[in-house]
Amino acid sequence: MSGENDTRFPTSEAARVIDFRVEAELTRMLYRSAGFGLFSNFVLATILVVGVWDFFPHDIALGWLAVILGLSCVRLATNLAFARMARADGELGWWRRTFLVEVVLAGIVWGAGGWIFVMADGLVPRCLTAFIIAGMNAGAARSLAPVRPAYWLYVLATLGPAVVRFATADESGAWLLAAITFTYALFLINTAQLHHADLKKLYRLIYENDELVNTLSVAKRRAEAANQAKSEFLATMSHEIRTPMNGVIGMLQLLGDSPLTAEQRLHVGVASKSADTLLHLLNDILDLSKIESGKIEFEEIEFAPGEVAEEVVALFSTRAAAKSIAIALETDPRVPPFVRGDPMRLRQVLLNLIGNAVKFTERGRVDVAVEAPRVERGFATVRFRVRDTGIGIAPALLPRLFEKFTQGDSSTTRRYGGSGLGLAISQSLVRGMGGEIQVQSAPGRGSEFAFEITWSVVERSAPRAPDTAPADWPERFSGRVLVVEDDWGNQRVIDLLLQRLGVEAQIVDNGAEAVARATDGDWQLVLMDVHMPGMDGTEATRLIRERLAGRPLPIVALTASVRREDRERCVAAGMDDFLTKPVRQDDLRACFAKWLRPAE
């Protein structure tokens, strides 16, 4: 009916097409319903002839029976031919007309039988004729109702002769039988009319619903395609923006570590903060895209909720001290040491809420509380509260506080900055974990944000081994590192960072050369850019693994892509670790602590 390129008909065209489909289906119903009627023709015609056998000449009775049985055989053959093969809607016109002709002929023959046999001398043939013809009309009211002309013509052909016969008879009360028969015919026609209307309405609803489902399905596919295109666009833009950002942030790090005047150091600090803000905004937009597309995923791993809160509070302690405000954490002893959930998403929410509390508080304090109001049957409900004594929020702004790109009022945005995405993302993340962020606030009296999440409790007696390298990484490392990077600015940044870490680095700018060098040299580590023209990093990694034939060589992805599916492709290709652009010196040191030896 409708395809990918025309998801919606004009109203009149849609109605016309649906009407055509309805009439086609009603024609099919004629043939589907005709089987029992044809069987009745054979049986009742035989019974009628047997009943009038002693009251009429045998040749008349047998002649009439031969005609009705022969016509019924023709109708049966037509019905079988129709059922033998599926008929398209456009082919049904001929079959409809054929059915009408055959049913009218059958009605005429039955009407002739009524004209002949209804005026017999005996009571039995009269009653038998009346009952059989009346009963056949009653049954036909349902089987012929799908097409109104079929039933009208059948009633006219079968009962019309009986009405005329009664009306013209000389017997007393014959006119009353004519009136009764005529009334009976009107009653049957009305019944068939109502049944036809119900059938037509039913099939119209069915096809309108089909059309709606089809339209919605096409719209859904288009929306999914558009959403996929948006995701691909954001992923591409993320890569394209992160690549130069790697150069900007890397050079700012190197510049900040070099001898500078106080004024120059201030300039570098402002530039670094601006670059960090831009990177944070980029991450927020990518998270928002994942949330809107329903592709955000939550991990189920063991972690300590109290430790996550402690890490985030410690992260903001320096910033709070610089503003001369106190920041404190209070953890309820009932909070389980370990639960199973997504620590990264929890950390992201707390970073936003505590960061906002510190940002919007000029004096006073920020209090963070981790509580456990319910711990039972292996599950714990953990509540996180962040309270500040900051500027507060007007009541009129609270209902739209968690909307995208919303941040108090315009003066707040001008004074404190921000994109207005943080709270919207945090609310979506908390909802994804089964909770809801609640807020209480008043202008000038501060705000309190709170949410609860229920996790399964992990019972462990031994302390968990750390997942990451210790914080006291070596300052310098030894080893030869092959760097595969096609961007000139990033090559320079990584080369300078590696020099500071004491490793010997060689840089190549394409996948083919990376394969040749990696398999023909004594390397302790390969930093592999994922997105490169020609042979990309994943294909180069696969070829390196094939040629090394099991010989160990750590390969670390160097990528601006942050999507889970991108990382899964890297793992499938044989990469061992990831460094996300922009690469910072601490990230490199943490990575080298896993794969290289400290310098002696």
Side-chain angles (χ1 to χ4, degrees), residues 280 283-284 286-316 327-358 366-388 393 398-404 406 421-441 446-460 463-464 466-468 564:
H280 183 71
N283 291 334
D284 280 350
L286 287 173
D287 279 340
L288 185 64
S289 173
K290 289 180 181 179
I291 290 169
E292 290 182 340
S293 64
K295 291 185 176 180
I296 194 163
E297 298 178 358
F298 295 90
E299 292 184 322
E300 286 289 328
I301 61 175
E302 296 180 16
F303 75 99
E307 290 182 8
V308 172
E310 186 177 350
E311 292 171 4
V312 177
V313 169
L315 184 64
F316 286 100
I327 183 169
L329 169 66
E330 182 180 354
T331 302
D332 187 340
R334 294 178 298 173
V335 174
F338 297 100
V339 297
R340 184 173 295 278
D342 194 329
M344 183 185 71
R345 297 303 180 187
L346 174 62
R347 185 179 291 108
Q348 187 175 354
V349 173
L350 291 178
L351 281 169
N352 186 268
L353 296 182
I354 298 174
N356 283 348
V358 173
V366 174
D367 292 304
V368 181
V370 184
E371 304 164 343
R374 292 181 299 278
V375 181
E376 56 186 6
R377 297 181 181 177
F379 291 90
T381 298
V382 182
R383 178 189 296 128
F384 297 86
R385 291 191 297 109
V386 180
R387 180 172 178 78
D388 63 67
I393 306 168
L398 290 177
R400 58 188 185 92
L401 189 62
F402 295 100
E403 295 178 2
K404 297 185 289 290
T406 298
L421 290 175
L423 286 178
I425 293 173
S426 297
Q427 182 71 284
S428 297
L429 293 177
V430 171
R431 286 174 177 170
M433 292 185 286
E436 182 84 12
I437 298 178
Q438 306 291 337
V439 57
Q440 296 179 353
S441 185
S447 306
E448 179 177 295
F449 289 80
F451 61 92
E452 293 183 354
I453 301 176
T454 299
W455 289 300
S456 59
V457 177
V458 177
E459 301 290 346
R460 291 197 290 110
R464 182 180 57 175
D467 294 331
T468 59
R564 179 183 294 271

Closest non-hydrogen atom pair, [X] against [Y]:
X	Y	value
S441	G446	OG-O, 3.1 Å
A357	V386	CB-CG1, 3.8 Å
L429	R345	CD2-CD, 3.8 Å
V375	R334	CG2-O, 3.8 Å
L351	F316	O-CZ, 3.5 Å
T381	P373	O-CD, 3.0 Å

- Could you tell me whether a side-chain N or O of D332 sits under 3.5 Å from a main-chain N or O of V335, the two making a donor and an acceptor? no
[X] [atom1] to [Y] [atom2] distance, which is reported to the nearest 0.5 Å:
X	Y	atom1	atom2	value
L423	S428	CG	OG	10.5 Å
R387	L353	CZ	CG	14.5 Å
F449	Q427	CZ	CD	10.0 Å
I437	N352	CD1	CG	7.5 Å

- Query: For atom CD of E371, is the number of surrounding heavy atoms from other residues, nucleotides or ligands below 6.0 Å larger than 12?
  - Reply: yes
- Test side chain to side chain contact (heavy atoms under 4.5 Å, CB included) applied to V382 and L346, I453, V370, the passing residue: V370
- side chain to side chain contact (heavy atoms under 4.5 Å, CB included) test vs E452 passes for just one of R383, Q438, M433, R385, namely R383
- Message: Measuring centre to centre across the rings, with the benzene-like ring taken for any Trp, is W455 within less than 6.0 Å of F303?
- Response: yes
